[in-house]
Amino acid sequence: MHTRRRYHHGDLRAALLTRAEETLREKGPAALSLRELARDLGVSHAAPSRHFKDKQALLDALALTGFDRLAETITAAQEGAGESFAGRLAATARAYVEFATANAELLDLMYSIKHDPEASEALIAASQRWTDRTAELIMEGQRRGEVREGPVESVGVAVFSAVHGYADLMASGSLPPEMAGQGLDELVAFVLRGCAPD
């Protein structure tokens, strides 16, 4: 009874998202069910509908919180990395790979829902924040003469593709764990050579 009262006082939404992310990590998105989450949390099966109208709304909210956390992670990494493009890129790549390997199922969900034609404006805006941070990093590198001239989008796609691809390989277990450090350093060095001015 105490548990139900506590959830009714405002933290059921957060509890649902936390439990949903645990289920996503353990069993994948197909196993997510509002009814099962309600049972796990000890509330009535109708209680989650006050916060999420259906499973898709829950998945959207999970993806949104994932993009928010990713943006915060990248921002914090860049802020502690000094001024140089090389240092900030290395910190960004490391933070992204760590996020991806710790949240592989969530990252898959984030990108699959982001590309859904019915993705909410809030979700698209949240996903854009990570893209904006990358663009800012490249533009600052260009201003400092550390990154070749050219459209930011062209450089950004190359940088993102390399980092995301590496993160995906690590998260899926396609690369051995010992590649996480040295392999990432080599990837960053490769990307820096590609970004260097002519």
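Bear in mind that the values here come from a model prediction, so they are computed numbers and not experimental data.
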Transitive ILVMFWY side-chain link Val157 to Val159, under 4.5 Å: no

Can you check whether Ala158's main-chain N or O pairs, donor with acceptor, with Ser161's side chain at less than 3.5 Å? no

Salt bridge or not between Arg25 and Glu22? Use side-chain N to carboxylate O under 4.0 Å. no

Report the residue from Leu12, Leu16, Leu17 that forms a side-chain contact (heavy atoms from CB on, under 4.5 Å) with Leu37. Leu16

Looking at Arg148 and Gly194, would you say the former's side chain and the latter's main chain have a donor-acceptor pair under 3.5 Å? yes

Tell me if a side-chain donor or acceptor on Gln142 pairs with a main-chain N or O of Gly150 at a distance below 3.5 Å. yes

Listing request: all ring pair (Phe, Tyr, Trp, His ring centres under 6.0 Å) pairs with a residue in residues 61-84, at least two apart in sequence or in separate chains. Phe67-Tyr111

Non-hydrogen atoms of Phe99 and Thr73 that approach each other most closely: CD1-OG1, 4.2 Å

Just do the salt bridge (charged side-chain N to carboxylate O under 4.0 Å, His left out) check on Glu72 and Arg69 with the steps written out, would you? CA-CA 5 Å; Glu72 290 166 9; Arg69 283 185 4 223; over 6 Å; no

Rounded to the nearest 0.5 Å, what separation is found between the OG1 atom of Thr18 and the CG atom of Asp40? 12.5 Å

Is there a side-chain contact between Ile113 and Gln56 (heavy atoms, below 4.5 Å)? yes

Report yes or no: does Tyr96 contribute a side-chain atom to a donor-acceptor pair with the main-chain N or O of Ala167 at less than 3.5 Å? no

Any side-chain heavy-atom pair of Glu21 and Leu32 under 4.5 Å: no

Are Arg88 and Arg133 close enough, and set up right, to give a side-chain contact (heavy atoms from CB on, under 4.5 Å), and what steps lead you there? CA-CA 11 Å; Arg88 295 179 74 210; Arg133 293 299 298 173; 4.2 Å; yes

